Amino acid sequence: MRLQLARALMCPSDLLLLDEPTNHLDLDALVWLEAWLKKYEGTMIVISHDREFLDAVTNVTLHIDAAKLVRYGGNYSKFEDMRAEQMELQQNAFAKQQDKIAHLQKFIARFKAKASKAKQAQSRVKALDRMEKIAPLLSEADFTFEFKEPANLPNPMLSMTGVSFGYPPPEDAPEGTAPTVIVRNVSKSVLAGQRIGILGANGQGKSTVVKTVARDLAAIEGEITEGKGLNIGYFAQQELDVLRPDETPLEHMIRLVKTLTAQGKIIGQATREQDLRSFLGTFNFSGDMVKQAVGSMSGGEKARLVLCMIVWQRPNLLLLDEPTNHLDLATREALAMALNEFEGTVMLVSHDRALLRSVCDEFWMVSRGGVEPFDGDLDDYQRYLLDEAKRQREAIREASSAAAKAERKAQAEALAAAAKVKAKPAPTGSLRRKLQEVEARMATLQAEGIDLERHLCQSPPPADFANQGKRLKAVNEELQGLEEQWLELSQQIESATA
C-alpha cells in the first residue's frame, strides 16, 4: 500500500484521486500521509472510512444517498452534525437512540459503584457521550450487534513472564537455525475489564504479540499463563488467516461448532444448523449467501463473518488486529458501540484513531524490541511519531552530508593524482585525457546526486519533489553511461600499454 501511495503522490498533478488510501497503513504512515496531503496544492477527492483522517485533510463532503449526491461545506464532523440534525427529525432514529440510551444508563447506574465493573461502566459513559452523533449513522448501518455477556471473567486473564515473541525458523532451514525474535523479555499481566490499545510503528511486532497471545504462534522464550476459563476471540489482520476461501459461511460455523465441542468449550450456544443459519442472518448472511464461497466475498463481508464467528463464541478476551480495514463508517461505529458495551477485556491494534479513543483506556507501546506502557493519549503519540520521523530525517541528512564530503574528497584526490601522471606517448595520451574528462564529469554528477537526495529527504513541496526526482533520475542515467564509458576507456588504455 505504501508503494502504491508513493507512485500516486510522486506524480505531478492538479487532481489527486484517493480510494481508501489508509487501509493497511500503520498509524505512523497515516500521520505522515496526513501531513503530506495538508501541503498538497491541487484538488483532492478522497474516499475513506477513517473519520479523523477525513477531518484532517478535507473541507468539503459529498454524501451519496438514495442515488443522489449532496454537497456539504465542511469536513466529516461538520457533515455529521448537519446530517444528525436531519436524522433527528425522523422518529424511528430518535426512538432507536432513546432505547440505547436507556440501556446504557441502566448499566451505568447499576455498576458505577462496583469496583470490579468500574471500567466497563466508564466505557458506557463514553458510549453515551457519543450517542447523539452516532445514532443517525447506526440507523443507516447494514447491521448492529453486541457481544454476549461472557460466561466467566478470570482475573488476571493471562500473565506473561519473560516472554520473547517471534517466528520459528522455516521448515527448509538448516538444522540448528535460530528462531527470529522480534520482541524480547516481556513480563506483563492482562486483567479483567482492561481496554488496551497496542501502538507501534510498522514492523515493530504488534501483530506478532497478538498472534502469540491468540495461540497462533508459540512464545520463543518465557511463559504465558492463562486464567482458568479464558476464552479468546481473535480478529486477524488478514481475514484469510482464520477463514478458508473455498468454504461457505455456514460451513465455517459448523466447523467452529465441531472444534469447540471437541474442546469442551460450548457454553449454552444453540448449535443446530437452523440456529446457525439464523445467527448468520443477524450479520446479514441470509438466503443464498450462507452457501456462497468466502473467497468470492468482499473484504467487508469477510470481516463481518469473522465478527459473527467471534460473537457466537462468547469470548471474555478480544484480540483485534486492524478490525476496521474493510468496514464502512456505519459498521465501524456499530463495532465501537459493541466494544464499549462488552464486559470482557479488549486488546486492540488499529490505525483508526476514533476507535482507539472511544474504546481504549490505556496503551502499550511496542518499540525497539520491547513492550512498555505509553504514558499519554493519541495526540501525544502522534507528536511522538512526528518527532521520531524528524529525528530519522535529520540522521539521514547528516549521513548523506558526511558521505558527500567523503566522496568529494576522494574525487579531488583522484583528480590530483591523475594530474600528476605524466602523459604517455600516443596512442594512450588522448585516451587518458578522455578518461580524466569522464572522471571529472562523474565527480560533478555524484556530488549533485547526493545533494538532490538530501533535498528529497526533507519532504519538499510536491512540485519540487517531482522536479528533483526527475533530475535525480537523469543524473543516475548519465552516471550509468559514464561508468560504462570509463570502463571501456580503461580497457583500451590497458590494452595499448600492454
Side-chain angles (χ1 to χ4, degrees), residues 111 114-123 126 147-166 182-200 204-237 242 265 267 310-311 313-323 335-336 338-350 355-367 369-378 381:
F111 290 118
K114 190 175 179 181
S116 63
K117 295 282 188 178
K119 284 199 172 183
Q120 291 96 318
Q122 186 59 39
S123 70
K126 283 186 180 182
F147 293 95
K148 298 178 182 179
E149 181 180 355
N152 61 345
L153 287 175
N155 197 21
M157 289 278 175
L158 57 91
S159 298
M160 295 175 276
T161 306
V163 176
S164 292
F165 303 85
I182 299 176
V183 180
R184 299 178 181 275
N185 196 29
V186 176
S187 295
K188 282 185 170 296
S189 293
V190 178
L191 305 178
Q194 276 188 296
R195 300 285 198 274
I196 302 167
I198 302 178
L199 307 176
Q204 293 297 309
K206 303 187 299 295
S207 293
T208 308
V209 170
V210 172
K211 284 182 178 180
T212 306
V213 175
R215 313 181 189 112
D216 273 15
L217 290 172
I220 303 298
E221 294 175 346
E223 185 177 4
I224 299 177
T225 305
E226 298 183 352
K228 185 177 181 181
L230 179 68
N231 187 14
I232 293 174
Y234 174 44
F235 190 108
Q237 183 172 3
V242 293
K265 293 182 179 179
I267 311 172
I310 291 174
V311 171
Q313 295 176 66
R314 294 182 64 186
N316 47 35
L317 171 60
L318 286 174
L319 303 176
L320 307 177
D321 191 357
E322 297 290 0
L335 174 62
L339 289 175
N340 275 323
E341 293 187 30
F342 177 57
E343 295 189 21
T345 298
V346 178
M347 298 179 72
L348 173 63
V349 177
S350 180
L355 184 67
L356 287 168
R357 287 184 205 277
S358 67
V359 171
C360 299
D361 301 318
E362 59 187 289
F363 296 101
W364 290 0
M365 168 80 88
V366 182
S367 177
V371 178
E372 298 294 337
F374 182 78
D375 297 323
D377 58 19
L378 282 179
Y381 181 61

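Hydrogens, waters and symmetry mates play no part in the numbers below; they use all other heavy atoms, side chains included. Since we're looking at a predicted model, the values are computed, not measured.
Taking CD1 from Ile196 and CE from Met347, the interatomic distance works out to 5.0 Å, rounded to the nearest 0.5 Å. A distance of 14.0 Å separates CD in Glu362 from CG in Asp377, rounded to the nearest 0.5 Å. Rounded to the nearest 0.5 angstrom, Asn340 CG and Ser358 OG are separated by 5.5 Å. Distance CE/Met160 to OG/Ser187: 8.5 Å, rounded to 0.5 Å. Taken from CG in Leu317 to CE in Met157, the straight-line distance is 6.0 Å, to the nearest 0.5 Å. One finds the CD atom of Glu226 at 10.5 Å from the OG atom of Ser159 (value rounded to the nearest 0.5 Å).
Of all heavy-atom pairs between Gly166 and Ile220, the closest is N-CG1, 3.6 Å. Nearest heavy-atom pair, Phe147 versus Ala338, reported as atom, atom and distance to 0.1 Å: CD1-O, 3.6 Å. Across Asn185 and Ser164, no two heavy atoms sit closer than the pair N-OG, 3.4 Å. Between Glu322 and Phe235 the shortest heavy-atom distance is O-CE2, 4.0 Å. Minimum interatomic distance between Pro154 and Gly229 (heavy atoms only, all atoms of both residues): CG-C, 4.3 Å. Here the closest non-hydrogen pair linking Pro323 and Val349 is CD-O, 3.6 Å.
Taking the side chain as every heavy atom from C-beta outward, Thr345 and Leu191 never approach each other to under 4.5 Å. Two residues are said to be in side-chain contact when any heavy atoms from C-beta on lie closer than 4.5 Å; Phe342 and Pro150 meet this criterion. At least one side-chain heavy atom of Leu230 sits under 4.5 Å from a side-chain heavy atom of Asn316. Looking only at side-chain heavy atoms (C-beta outward), Val183 and Thr208 stay at 4.5 Å or farther from each other. Side chains of Ser189 and Gln194 form no contact here, defined as non-hydrogen atoms less than 4.5 Å apart. For the pair Val209 and Val163, the minimum side-chain heavy-atom distance is 4.5 Å or more. Annotation: side chain of Leu217 is not in contact with side chain of Phe165 (no heavy-atom distance under 4.5 Å). Using a 4.5 Å heavy-atom threshold, the side chains of Leu339 and Leu355 count as touching.
No close placement of the Phe374 and Phe363 rings is indicated, their centers lying 6.0 Å or farther apart.
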Begin with the C-alpha distance, continue with both residues' side-chain angles, and end with the deciding distance and a verdict on side-chain contact (heavy atoms from CB on, under 4.5 Å) for Leu378 and Leu199.
CA-CA 9 Å; Leu378 282 179; Leu199 307 176; 4.2 Å; yes
Derivation of the side-chain contact (heavy atoms from CB on, under 4.5 Å) call for Val366 and Ile198
CA-CA 7 Å; Val366 182; Ile198 302 178; 3.7 Å; yes
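With Asn231 contributing its side chain and Gln313 its backbone, the two residues share a donor-acceptor pair below 3.5 Å. With Asp321 contributing its side chain and Ser207 its backbone, the two residues share no donor-acceptor pair below 3.5 Å. Checking side-chain atoms of Lys148 against main-chain N and O of Arg314 turns up no donor-acceptor pair under 3.5 Å. Side chain of Tyr234 to main chain of Ile310: no donor-acceptor pair is present (N/O by atom type, distance under 3.5 Å, no hydrogens or angles).
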